[in-house]
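Heads up: the structure comes next, in structure tokens.
A, B, ... follow the sequence lines: proteins, then strands. Residue 1 opens every chain.
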2 protein chains.
Amino acid sequence: MPSAAVDEIIDVLRAAGERITTAKRALVSELLGSTAHVTAEELIERVQKVHPDVNKSTIYRILHSLEAHGIVEHVHLGHSAAVYHLSGKTHHHLVCESCGRVQEVPEATLAAIARKLRHDFGFSANLRHFAISGHCETCG
Amino acid sequence: MPSAAVDEIIDVLRAAGERITTAKRALVSELLGSTAHVTAEELIERVQKVHPDVNKSTIYRILHSLEAHGIVEHVHLGHSAAVYHLSGKTHHHLVCESCGRVQEVPEATLAAIARKLRHDFGFSANLRHFAISGHCETCG
DNA sequence: CTCGCTGCAAAGCTTTTGCACTAGA
DNA sequence: TCTAGTGCAAAAGCTTTGCAGCGAG
């Protein structure tokens, strides 16, 4: 919705030599209007509510392009579809295997382990890509 | 292969009231004979090499049952098929997003973070279920 | 003899792809 | 104009399911 924010992202694509289309503008707008944890299917639905002709393969293709430009990321919360969000809002996800509850924890919480993995194994971990599975307080 | 080990697992199933079938015995045997990181498809292939009539849905069903009894676990290393292994061999997986290399790290490496998550959020993390994504030393 | 297990085929679900057409620059 | 982007339909990849028959106990 915030048109200025949309333009900011669209400009990145333009600068990269991409053509600016209705579908791209619409998708970026929905991404900005979404709180978090949106599946591709939900995005398709929302975009199609405004532009019914936009096809799902187009959404997937644009999502890939946005990822390639570092604008969005996708996260696997569990066995079902991946969820997408803008790269800015970075946090980790604790997903309860019993009740499915998703708890967000600030990036700093896991900074120590990322540091350790880099130091001990030379591995730059992206602890956001896959959620952290487990059991929440209530489910034991 | 080690028939004694097979029997040990089979006995767990028997004790749980399950019927012991050729497919179960064969699958357990293959699991014991596999080093690690076996996909369902690979297991199907190996079992069928000995018992060509065993169907893939049977393998999937048995794998579920073995998981329910805590005998095997499955891990998601990336976007492709899950890999299975016996619950005993617990370690974490660092998967390079660039070259796909899988590096195993001992469970103790991440013990601190599990403790922190439990203390701060009451969350019992199973850091094995999803691999840790990132970039390995050589890929930067 | 009973009912849990299995084979088979088909479907489910998410994501990708080939191809011809459309429209952005 | 020129070709990146798109719509459509179909397929791919992994896993699940319905159903009828088989076989373990």
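Between the side chain of A:Thr58 and the backbone N or O of A:Val54, no donor-acceptor pair lies under 3.5 Å.
Under a 4.0 Å N-O distance rule, the pair A:Glu18/A:Lys24 qualifies as a salt bridge. The pair B:Arg25-B:Asp7 meets the salt-bridge criterion, since a charged nitrogen lies less than 4.0 angstrom from a carboxylate oxygen.
Across C:dT16, C:dT6, D:dT15, the shortest atom-to-atom separation from the side chain of B:Ile62 is found for C:dT6. Out of D:dT15, D:dG7, C:dT14, the shortest distance to the side chain of B:Ala82 is found at D:dT15.
In this structure, B:His74 has its ring center closer than 6.0 angstrom to the ring center of A:His79.
Within the 4.0 Å cut-off from OP1 or OP2 of C:dT16, not a single side-chain nitrogen or oxygen of A:Tyr60 is found. Proximity of B:Ser57 to the phosphate of D:dT16: no side-chain N or O atom is located under 4.0 Å from OP1 or OP2. Checking the phosphate oxygens (OP1, OP2) of D:dT16, a side-chain nitrogen or oxygen of B:His64 falls inside 4.0 Å.
The CG atom of B:Asn55 sits 17 Å away from the P atom of D:dA20 (whole-angstrom rounding). Nucleotide C:dT6 holds its P atom 14 Å from the CD atom of B:Gln48, rounded to whole Å. Between A:Leu27 atom CG and D:dG5 atom C1' there is a gap of 14 Å when expressed in whole angstrom units. Going from atom NE2 of A:His76 over to atom P of C:dC13 covers 19 Å, rounded to whole Å. When rounded to the nearest whole Å, the span between NZ of B:Lys56 and C1' of D:dT15 equals 9 Å. The separation between A:Glu42 atom CD and C:dT14 atom C1' is 13 Å, rounded to whole Å. Look at CG on B:Leu63: it is 13 Å from C1' on D:dT16, rounded to the nearest Å. Taking atom CD of A:Glu41 as the reference point, atom P of C:dG12 lies 14 Å away to the nearest angstrom.
The stretch residues 9-26 of chain A touches DNA chain C through A:Arg19, A:Ile20, each having a heavy atom under 4.0 angstrom from the strand.
Between A:Ser87 and the choices A:Glu73, A:His69, A:Arg128, the side-chain contact (heavy atoms from CB on, under 4.5 Å) rule is met once, by A:Glu73.
A residue-by-residue look at B:Arg61 and A:Asp53 shows that A:Asp53 has its nearest nucleotide of DNA chain D further toward the 5' end.
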message: Test side-chain hydrogen bond (donor to acceptor under 3.5 Å, both in side chains) on B:Arg101 and B:Thr138; report intermediate values, then the result.
response: CA-CA 10 Å; B:Arg101 187 158 76 96; B:Thr138 28; 4.7 Å; no
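Over its length, the helix from C:dC1-D:dG25 to C:dA25-D:dT1 turns its helix axis by 30°, as judged from the five terminal pairs at each end, rounded to 10°.
Remark: the A:Thr22 side chain and the A:His51 side chain contain no N/O donor-acceptor pair separated by less than 3.5 Å. Side-chain atoms of B:His135 and B:Ser98 form a donor-acceptor pair, as typed in the model, at a separation below 3.5 Å.
Between B:Ile132 atom CD1 and B:Leu127 atom CG the span is 6.0 Å, to the nearest 0.5 Å.
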